[in-house]
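Report on the structure given below.
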Amino acid sequence: MSQERWTEVDRYLDNLLLSPDPGLEAALEASSAAGLPTVNVAPNQGKLLHLLALACGARTILEIGTLGGYSTIWLARSLPSSGRLVSLETNPRHAAVARENIARAGLSDIVEVVLGPALESLRELKAQHRPPFDLVFIDADKPSTAEYFASSLEMSHVGTVIIVDNVVRGGRVCEPGGVDSNAEGMRRFLDKVAVEPRVSATAVQTVGMKGYDGFLLAVVTSPAG
Ligand code: SAH
Ligand code: DHB
Ligand code: MG
């Protein structure tokens with residue numbers, strides 16, 4: 001099976017199952033016009049995130065890695081008007097484009113883009129003693145994924161859903177001692193999840209317009225501490 005075929009099938013499925021959303025489409029156009037890397041989730045993956053958030057009745061969402069806010073908008077579209085989404089982004093240019101995209105999508109009241117290295121922002125969030133998040137989407141620099149997961153767990157409750165993007169990296173995740181630092185980061189993260197007693201987790205491989213990669217899904221099953 002080829003990349004062309006995967007893309008063709010994604011287009012087929014998107015046409016059948018996804019409704020046009022001007023806010024999402026404008027976000028992709030503005031992100032591309034601003035020269036942002038096109039590493040946003042695919043539309044059908046964005047809708048998967050949206051449906052997972054709906055299915056668990058999320059009212060508060062934490063996202064790590066905003067880029068132009070494409071996955072942010074998908075996730076925020078699942079929230080009630082009283083809901084809140086906090087998204088962490090270290091690149092000021094990405095954050096600026098994201099804030100514009102989020103405003104255009106009419107979501108500025110429920111979405112906050114926090115500028116700065118996620119490890120620092122996570123420390124600040126923890127210090128604020130907010131209520132725990134109902135859903136977390138981790139999609140920033142891959143080598144820090146293990147640390148992002150640990151912090152997310154500290155800000156979770158029993159039932160919190162944690163989703164991690166890019167856990168397969170074209171299959172390189174199962175090459176120990178490989179040269180891909182992103183895949184190595186995912187191995188280190190997966191080793192930690194495997195022995196983490198507070199979550200139940202699975203991972204699935206994905207193909208589509210974004211190539212060959214995968215998602216991890218974890219549900220917090222026992223309290224932190
Ligand atoms: N979730 C987005 C894609 C995120 S791409 C979507 O699907 O639409 C990864 C993002 O993480 C990039 O914008 C990158 O600038 C950001 N990033 C990289 N290192 C980071 C760090 N240390 N802290 C916060 N964000 C970081
Ligand atoms: C990259 C980052 C992502 O979040 C993604 O989904 C695909 C690729 C990257 O930085 O290469
Ligand atoms: Mg990603």
Side-chain angles (χ1 to χ4, degrees), residues 3 6 10 21 23-32 34-50 52-53 61-78 85-102 105 107 111-125 135-152 162-173 179-186 189 203-217:
Q3 178 60 58
W6 299 340
D10 261 0
D21 178 326
L24 283 165
E25 283 147 30
L28 285 185
E29 275 163 34
S31 299
S32 158
L36 267 49
T38 51
V39 295
N40 51 273
V41 293
N44 51 353
Q45 297 175 333
K47 189 162 182 185
L48 177 68
L49 297 174
H50 170 87
L52 286 168
I61 297 176
L62 171 64
E63 177 178 66
I64 309 175
T66 318
L67 190 62
Y70 184 71
S71 55
T72 319
I73 295 171
W74 268 116
L75 284 165
R77 289 267 194 256
S78 73
L85 187 155
V86 179
S87 188
L88 313 182
E89 175 56 56
T90 197
N91 184 314
R93 214 162 48 83
H94 296 183
V97 172
R99 285 177 179 140
E100 280 180 31
N101 288 337
I102 289 158
L107 293 164
V111 176
E112 182 190 359
V113 177
V114 177
L115 180 62
L119 288 174
E120 281 177 30
S121 304
L122 288 164
R123 259 197 300 278
E124 282 160 25
L125 281 174
L135 182 142
V136 182
F137 178 48
I138 301 176
D139 189 23
D141 51 315
K142 311 310 166 190
S144 301
T145 302
E147 285 69 38
Y148 297 152
F149 188 80
S151 283
S152 301
I162 304 176
I163 305 150
V164 182
D165 193 21
N166 309 119
V167 298
V168 172
R169 306 298 308 186
R172 292 182 296 283
V173 71
V179 290
D180 180 342
S181 61
N182 293 325
E184 278 305 299
M186 285 304 170
F189 157 64
V204 292
Q205 305 180 71
T206 57
V207 294
M209 59 186 287
K210 297 287 168 180
Y212 169 34
D213 215 316
F215 283 111
L216 176 130
L217 176 72

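Just follow the structure's listing: the first ligand is 1, and inside any ligand the first atom is 1.
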Rounded to the nearest 0.5 Å, how far does [atom2] of [Y] lie from [atom1] of [X]?
{"X": "Lys210", "Y": "Asn44", "atom1": "NZ", "atom2": "CG", "result": "10.5 Å"}
{"X": "Thr206", "Y": "Asn166", "atom1": "OG1", "atom2": "CG", "result": "8.5 Å"}
{"X": "Leu24", "Y": "Ser71", "atom1": "CG", "atom2": "OG", "result": "10.0 Å"}
{"X": "Ile64", "Y": "Ser152", "atom1": "CD1", "atom2": "OG", "result": "4.0 Å"}

Which label fits Phe137 and Phe215: parallel for a plane angle under 30°, tilted from 30 to 60°, or perpendicular past 60°? tilted
Distances for all N or O pairs of ligand 2 and the protein under 3.5 Å?
from: ligand 2; atom 1: 4 (O); to: Asp139; atom 2: OD1; distance (Å): 2.7
from: ligand 2; atom 1: 4 (O); to: Lys142; atom 2: NZ; distance (Å): 3.1
from: ligand 2; atom 1: 4 (O); to: Asn166; atom 2: OD1; distance (Å): 2.9
from: ligand 2; atom 1: 6 (O); to: Val39; atom 2: O; distance (Å): 3.3
from: ligand 2; atom 1: 6 (O); to: Asp165; atom 2: OD2; distance (Å): 3.1
from: ligand 2; atom 1: 6 (O); to: Asn166; atom 2: OD1; distance (Å): 3.0
from: ligand 2; atom 1: 6 (O); to: Asn166; atom 2: ND2; distance (Å): 2.7

Verify side-chain contact (heavy atoms from CB on, under 4.5 Å) between Leu135 and Ser78, making sure each step is shown before the conclusion. CA-CA 11 Å; Leu135 182 142; Ser78 73; over 6 Å; no
What protein atoms of element N, O or S are positioned under 2.8 Å from the Mg ion (ligand 3)? Asp139 OD1, Asp165 OD2, Asn166 OD1
Evaluate side-chain contact (heavy atoms from CB on, under 4.5 Å) for Leu216 paired with Phe189, printing each intermediate quantity in order. CA-CA 11 Å; Leu216 176 130; Phe189 157 64; 3.9 Å; yes
Heavy-atom pair with the smallest gap, counting every atom of [X] and [Y]:
{"X": "Leu75", "Y": "Glu63", "answer": "CD1-OE2, 3.9 Å"}
{"X": "Pro43", "Y": "Met209", "answer": "CD-SD, 3.8 Å"}
{"X": "Ile73", "Y": "Asn101", "answer": "CD1-O, 3.7 Å"}

The test is side-chain contact (heavy atoms from CB on, under 4.5 Å); show your working for Asp141 and Thr90 and say whether it passes. CA-CA 10 Å; Asp141 51 315; Thr90 197; over 6 Å; no
Using the test side chain to side chain contact (heavy atoms under 4.5 Å, CB included), find all partners of Asp180 that sit at least two apart in sequence or belong to another chain. Arg169, Arg172, Asn182, Ala183
For ligand 1, find each of its N or O atoms that sits under 3.5 Å from a protein N or O atom, and tabulate the pairs with distances to one decimal place.
from: ligand 1; atom 1: 1 (N); to: Gly65; atom 2: O; distance (Å): 2.9
from: ligand 1; atom 1: 1 (N); to: Ser71; atom 2: OG; distance (Å): 2.8
from: ligand 1; atom 1: 1 (N); to: Asp139; atom 2: OD2; distance (Å): 2.8
from: ligand 1; atom 1: 7 (O); to: Val41; atom 2: N; distance (Å): 2.9
from: ligand 1; atom 1: 7 (O); to: Ser71; atom 2: OG; distance (Å): 3.3
from: ligand 1; atom 1: 7 (O); to: Asp139; atom 2: OD2; distance (Å): 3.4
from: ligand 1; atom 1: 8 (O); to: Ser71; atom 2: N; distance (Å): 3.1
from: ligand 1; atom 1: 8 (O); to: Ser71; atom 2: OG; distance (Å): 3.3
from: ligand 1; atom 1: 13 (O); to: Leu67; atom 2: N; distance (Å): 3.4
from: ligand 1; atom 1: 13 (O); to: Glu89; atom 2: OE1; distance (Å): 2.7
from: ligand 1; atom 1: 13 (O); to: Glu89; atom 2: OE2; distance (Å): 3.3
from: ligand 1; atom 1: 13 (O); to: His94; atom 2: ND1; distance (Å): 2.8
from: ligand 1; atom 1: 15 (O); to: Glu89; atom 2: OE2; distance (Å): 2.6
from: ligand 1; atom 1: 15 (O); to: His94; atom 2: ND1; distance (Å): 3.2
from: ligand 1; atom 1: 19 (N); to: Asp141; atom 2: OD1; distance (Å): 3.2
from: ligand 1; atom 1: 22 (N); to: Asp141; atom 2: OD1; distance (Å): 3.4
from: ligand 1; atom 1: 22 (N); to: Tyr148; atom 2: OH; distance (Å): 3.3
from: ligand 1; atom 1: 23 (N); to: Ala118; atom 2: N; distance (Å): 2.8
from: ligand 1; atom 1: 25 (N); to: Thr90; atom 2: N; distance (Å): 3.3

Give the C-alpha distance, both sets of side-chain angles, the deciding distance and a yes or no for side-chain contact (heavy atoms from CB on, under 4.5 Å) between Ile163 and Asp165. CA-CA 7 Å; Ile163 305 150; Asp165 193 21; over 6 Å; no
